Amino acid sequence: MKSPLLSLPGAVPAEGVDEGVAAHYGDLFREQRALADGSGFVDLSHRGVVTVTGDDRLSWLHLLLTQHVSDLPTGQATEALILSANGHIEHALYLVDDGTSVWAHVEPGSQEALIAYLESMKFFYRVEVADRTADTAVVHLPAGSIAQAPASAVVRETPYGRDLFLPREELESFAAEAGPAAGILAHEALRVEQHRPRLGFETDHRTIPHELGWIGTAVHLQKGCYRGQETVARVQNLGKPPRRLVFLHLDGSEVHLPPNGAEIRIADDGSDGRKIGFVTTSVRHHELGPVALALIKRNVPVDARLMAEETAAAQETVVEP
């Protein structure tokens with residue numbers, strides 16, 4: 001979905017998975033500072049939107065998701081995962097129930113695979129699953145924002161701000177009232193600062209929830225009956241995850257940021273040392289400078305100096321070893 005807000009002054013299109021919205025509008029750090037101060041908004045209209053309606057929607061989703069949602073109060077935001085049979089993360093859903101429907105936004109382009117899985121699990125339950133991406137745009141208002149959500153929007157309020165499920169035809173008029181617009185790079189910089197993982201960035205084909213700190217926020221440990229639950233329980237009760245998420249302070253003298261997938265080694269081992277992890281997301285932060293999230297082996301000492309390709313990095317613990 002290509003956003004009409006790409007026509008705003010200074011808009012530079014994003015690339016890769018975030019194609020379709022603006023990377024920035026001409027001043028990355030100004031946009032970050034605005035969001036940190038609670039002003040402006042972020043156009044996330046490229047994200048997939050899925051709804052589940054019907055009398056059984058919450059009890060049915062409770063059987064499929066990692067989160068406890070059978071008694072989810074109307075208007076209360078939550079997040080949840082769908083795992084493979086081996087406990088690997090396949091989907092991340094950001095949810096709210098409006099009293100008649102559960103609304104979820106998901107990674108761009110992932111809604112078709114998600115809907116296919118949900119449809120395959122309907123059986124006799126009274127639920128209807130719909131792809132609402134074409135008619136609904138997601139917009140993010142940062143924490144502290146006093147902007148008014150339109151009456152037509154479904155609001156998902158979190159500690160990090162409000163996600164609005166907005167009729168797509170109202171996106172431009174909303175932008176005119178709620179400005180200034182901030183690009184996806186500003187949004188990502190704050191996400192990295194907040195140590196929040198993102199599917200497809202902090203995950204690969206074998207990531208389990210424990211590695212990213214998603215236990216508690218997206219995985220409820222007191223419920224069972226979902227695919228992959230055995231792995232979650234076994235790691236929680238009997239062991240440790242093989243990897244852990246860390247926050248990296250990168251050497252600010254380097255011109256280029258290490259890209260997603262950049263190999264990480266222990267600095268004292270030199271360039272021939274073994275790979276102990278990889279960069280997942282790297283950004284330039286308006287206060288912290290160049291920083292990143294990375295996934296490294298659990299047994300790497302917490303005080304070890306690291307190298308992300310040619311860039312020196314100091315680690316800060318996100319998930320305990």
Side-chain angles (χ1 to χ4, degrees), residues 13-24 28 32 35 42-48 66 79-84 87-94 104-111 113-114 138 140 158 160-161 163 182-215 217-219 241-250 256-264 275-285 288 290-298 306 308-309 311 313 315-319:
E15 299 178 346
V17 69
D18 288 322
E19 182 180 3
V21 295
H24 61 85
L28 174 61
Q32 285 186 38
L35 292 180
V42 184
D43 177 13
L44 300 178
S45 62
H46 62 316
R47 289 185 65 81
T66 57
E79 55 190 85
L81 308 175
I82 290 178
L83 307 180
S84 72
H88 301 139
I89 300 168
E90 292 189 346
H91 295 281
L93 296 81
Y94 300 86
H105 66 81
V106 298
E107 287 300 319
S110 69
Q111 66 270 19
L114 171 62
V138 179
H140 175 76
T158 77
Y160 308 105
D163 297 335
I184 192 70
L185 291 182
H187 187 261
E188 284 290 279
L190 298 188
R191 178 182 71 81
V192 170
E193 178 195 11
Q194 295 155 354
H195 305 167
R196 292 188 290 133
R198 182 178 173 188
L199 185 75
F201 288 69
E202 280 61 58
T203 67
D204 58 17
H205 66 284
R206 59 193 179 95
T207 306
I208 60 175
H210 306 72
E211 296 177 323
L212 303 183
W214 253 329
I215 300 297
T217 60
V219 179
R243 303 177 296 182
R244 60 186 177 89
L245 187 69
V246 294
F247 180 74
L248 300 180
H249 294 270
L250 302 171
H256 300 290
L257 292 172
N260 178 283
E263 294 185 352
I264 296 178
K275 175 185 174 182
I276 54 90
F278 61 94
V279 171
T280 59
T281 307
S282 58
V283 298
R284 296 192 186 277
H285 190 274
L288 301 176
V291 292
L293 293 174
L295 203 56
I296 65 173
K297 292 183 180 298
R298 177 180 59 82
L306 306 179
E309 291 187 340
T311 303
Q315 61 169 308
E316 197 174 293
T317 300
V318 177
V319 174

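From a predicted model like this one, the values you see are computed outputs, not experimental measurements.
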- Query: Among His140, Gln111, Arg47, whose side-chain contact (heavy atoms from CB on, under 4.5 Å) with His105 holds?
  - Reply: Arg47
So, for [X] and [Y], which heavy atoms are closest and what is the spacing to 0.1 Å?
X      : Y      : result
Val21  : His46  : CG1-ND1, 3.5 Å
Glu211 : Pro241 : CG-CB, 3.6 Å
Ala189 : Val283 : CA-CG2, 3.9 Å
His91  : Leu199 : CA-CD2, 3.9 Å
Ala92  : Val106 : O-CG1, 3.7 Å

Interatomic distance, [X] atom [atom1] to [Y] atom [atom2] [nearest 0.5 angstrom]:
X      : Y      : atom1 : atom2 : answer
Arg284 : Leu257 : CZ    : CG    : 4.0 Å
Leu293 : Phe201 : CG    : CZ    : 11.5 Å
Arg243 : Lys297 : CZ    : NZ    : 8.5 Å
Glu202 : His195 : CD    : NE2   : 11.0 Å
Leu250 : Leu288 : CG    : CG    : 11.0 Å
Ile215 : Thr66  : CD1   : OG1   : 8.0 Å

Compare all side-chain heavy atoms of [X] with those of [Y] and state whether any distance is below 4.5 angstrom.
X      : Y      : result
Arg198 : Thr281 : no
Pro259 : Glu309 : yes
Ile208 : Pro242 : yes
Pro209 : Leu83  : yes
Arg244 : Ile296 : yes
Leu114 : Leu93  : yes
Ile276 : Leu306 : yes
Val279 : Ile264 : yes

- Do Arg196 and Thr217 have side-chain atoms, one donor and one acceptor, less than 3.5 Å apart? no
- Message: Tell me whether Glu15 at atom CD has more than 12 heavy atoms from other residues, nucleotides or ligands lying less than 6.0 Å away.
- Response: no
- Message: Does Glu193 have more than 12 heavy atoms from other residues, nucleotides or ligands lying within 6.0 Å of its CD?
- Response: yes
- Task: Using the side-chain contact (heavy atoms from CB on, under 4.5 Å) rule, take His285 and Leu190 through it: C-alpha gap first, then chi angles, then the decisive distance, then the call.
- Result: CA-CA 8 Å; His285 190 274; Leu190 298 188; 4.0 Å; yes
Quick check: does any side chain N or O of [X] sit under 3.5 Å from a backbone N or O of [Y], one acting as donor and the other as acceptor?
X      : Y      : value
Ser282 : Pro258 : yes
Thr207 : Ile89  : no
Glu79  : Trp214 : no

